[in-house]
Number of protein chains: 2
Amino acid sequence: MLRLTRQADYAIVLMTHFAGAPEKKVQNARDLAKCAGLPLPTVSKTLKALGRAGLLVSYRGVKGGYSLPRPAEEITVAEIIEATEGPIALTECLDTATDECGIEFCCPVRTNWQRINQAVRDALRNIPLSDMATTVTFPPLEKVQ
Amino acid sequence: MLRLTRQADYAIVLMTHFAGAPEKKVQNARDLAKCAGLPLPTVSKTLKALGRAGLLVSYRGVKGGYSLPRPAEEITVAEIIEATEGPIALTECLDTATDECGIEFCCPVRTNWQRINQAVRDALRNIPLSDMATTVTFPPLEKVQ
DNA sequence: CAAAACAGGACTCTCGCGGTCCTGTATGAA
DNA sequence: TTCATACAGGACCGCGAGAGTCCTGTTTTG
């Protein structure tokens, strides 16, 4: 269906939340979950993935949480998607891991597939996170809980 | 994983096959399956979907088969994908059928999602089928079987 | 030292993909 | 006219990835 996974969806929502808040603001998983109306374990899992990918920096301990490591203008939607669901490759052919498409000898379309993938990747790379935060005003935490 | 379904993959391979052959050439499912090295039922299912979407015209009966209804230059990769897996909508939010995302009140990202989808759709709409057939030479049917 | 918060797994359940097959209908050739 | 061919439109089923939860660390603050 050419669908993003839910995790990627959540990731963009959460990242947008960071982009909307003051820079370097540390927010913890619990508050983010409440504000987004999502279950804490799910949010936590997503944030961890973003942390591993370097799209968020994490702070442990009581006053811990996450914050953006760089300005929202320098983070792209493509990065967020790749952080949660791996490299953007529309077909198995292009996943370098599995180059056994079975119909290879009769599948010279393969080289042309690169074109499709590149087009989609470029499209997503050209959308900065800051764009996703425009005209978006999240309600303050107090009003949510 | 932001993957195309296999059917969409097959559809593009098959359509490319038509684009490579002489215009208006009628080809049946059996031969296409053999040449593509794919099982007949699968190929058949895919061709039927393409037919329903108007991307192929079908002819029943003994000398039946399928052929392109218009030049390959006028068919886009986006159309082929949509024919097999429905409208290109990366998130459920955008699928008009289900506008119950549950976190709506806190999800103004929604409007910005349109931007992402539009970008991807445009990217795919800008790739004509004829582009997929360049430098592609399918082996003649005789050599395959 | 205790509580808060992240890290990294394992685990289960469900749903859609994937492939196949069956019945019906149209068409061309013997 | 009859039969073989080929498409039309379903139903059907197994498997695997996605989605969500939970548990056990480790780090940090007060």
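Chain letters run A, B, ... following the sequence lines, proteins first and then strands; every chain starts at 1. All of these numbers come straight from a predicted model, not from anything done at the bench.
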Scan B/Gly65 against the nucleic acid and name what it touches under 4.0 Å (heavy atoms): base, sugar-phosphate only, or nothing.
sugar-phosphate
Could you state the CG-P distance from B/Leu47 to C/dG19, rounded to the nearest angstrom?
15 Å
Just the table, please: protein N/O against nucleotides 25-27 of chain D N/O, every pair under 3.5 Å.
from   : atom 1 : to      : atom 2 : distance (Å)
D/dT26 : O2     : A/Arg60 : NH1    : 3.2
D/dT27 : O4'    : A/Arg60 : NH1    : 2.9

Residues forming a salt bridge (charged side-chain N to carboxylate O under 4.0 Å, His left out) with B/Arg121, sequence neighbours excluded:
none
d(A/Asn28 CG, A/Ser44 OG) to nearest 0.5 Å is 10.0 Å
Helix axis bend for the helix from C/dC1-D/dG30 to C/dA30-D/dT1 - C1'-based end axes, five pairs, 10° rounding
10°
With B/Ser58 via side chain to side chain contact (heavy atoms under 4.5 Å, CB included) - residues at least two apart
B/Tyr66
How long is the line joining CD of A/Gln27 and P of C/dA4, in whole Å?
20 Å
Please determine if a side-chain N or O atom of A/Tyr10 lies less than 4.0 Å away from the OP1 or OP2 oxygen of D/dA19.
no
Residues forming a side chain to side chain contact (heavy atoms under 4.5 Å, CB included) with A/Val57, sequence neighbours excluded:
A/Tyr59, A/Ser67, A/Pro69
Looking only at side-chain N and O atoms, does B/Thr5 come under 4.0 Å of OP1 or OP2 in C/dG16?
no
Do any side-chain nitrogens or oxygens of B/Arg30 fall under 4.0 Å of OP1 or OP2 in D/dA6?
yes
Using atom CD of B/Gln7 as one end and atom C1' of C/dG18 as the other, report the distance to the nearest whole Å.
9 Å
Any residue meeting side chain to side chain contact (heavy atoms under 4.5 Å, CB included) with A/Pro39, in chain and number order, not counting sequence neighbours
A/Pro41, A/Thr42
Tabulated below should be each protein N or O lying under 3.5 Å from an N or O of nucleotides 21-23 of chain C; please produce it.
none

Take the protein atom CE of B/Met1 and the nucleotide atom C1' of D/dG18, then report the distance between them rounded to whole Å.
11 Å
Considering only heavy side-chain atoms of A/Ala29, the closest of C/dC6, D/dG30, C/dG28 is C/dC6
Send over the distance from B/Arg6 CZ to D/dC15 C1', rounded to a whole Å.
12 Å
Residues in side chain to side chain donor-acceptor pair (under 3.5 Å) with A/Glu73, at least two apart?
none
Take the protein atom CG of A/Asp31 and the nucleotide atom C1' of C/dA4, then report the distance between them rounded to whole Å.
12 Å
Using the test salt bridge (charged side-chain N to carboxylate O under 4.0 Å, His left out), find all partners of B/Arg70 that sit at least two apart in sequence or belong to another chain.
B/Glu79
Taking side chain to side chain donor-acceptor pair (under 3.5 Å) as the definition, give me every residue that meets it alongside A/Asn126, ordered by chain and number, with sequence neighbours left out.
none
If I take atom OH in residue B/Tyr59 and atom P in nucleotide C/dT27, what distance separates them, rounded to the nearest angstrom?
12 Å
For the pair B/Arg125 (side chain) and B/Thr76 (backbone), establish whether a donor and an acceptor sit closer than 3.5 Å, ignoring hydrogens and angles.
no
Look at the side-chain N and O atoms of A/Ser58 and state whether any lies under 4.0 Å from the OP1 or OP2 oxygen of C/dA7.
yes
Counting distance only, does the side-chain N/O of B/Glu85 pair as donor-acceptor with the main-chain N or O of B/Thr5 below 3.5 Å?
yes
Taken in chain and number order and not counting sequence neighbours, the residues that satisfy side chain to side chain donor-acceptor pair (under 3.5 Å) with A/Glu82 are none
5' priority, DNA chain D, between A/Leu4 and B/Ser44 [closest heavy atom]
B/Ser44
Between B/Leu2 (CG) and D/dA17 (P), how many Å, whole number?
17 Å
OP1 or OP2 of D/dG9 less than 4.0 angstrom from a side-chain nitrogen or oxygen of B/Arg52, does that happen here?
yes
For residues 46-67 of chain B, which residue pairs pass the salt bridge (Lys or Arg N to Asp or Glu O under 4.0 Å) check, not counting sequence neighbours?
none
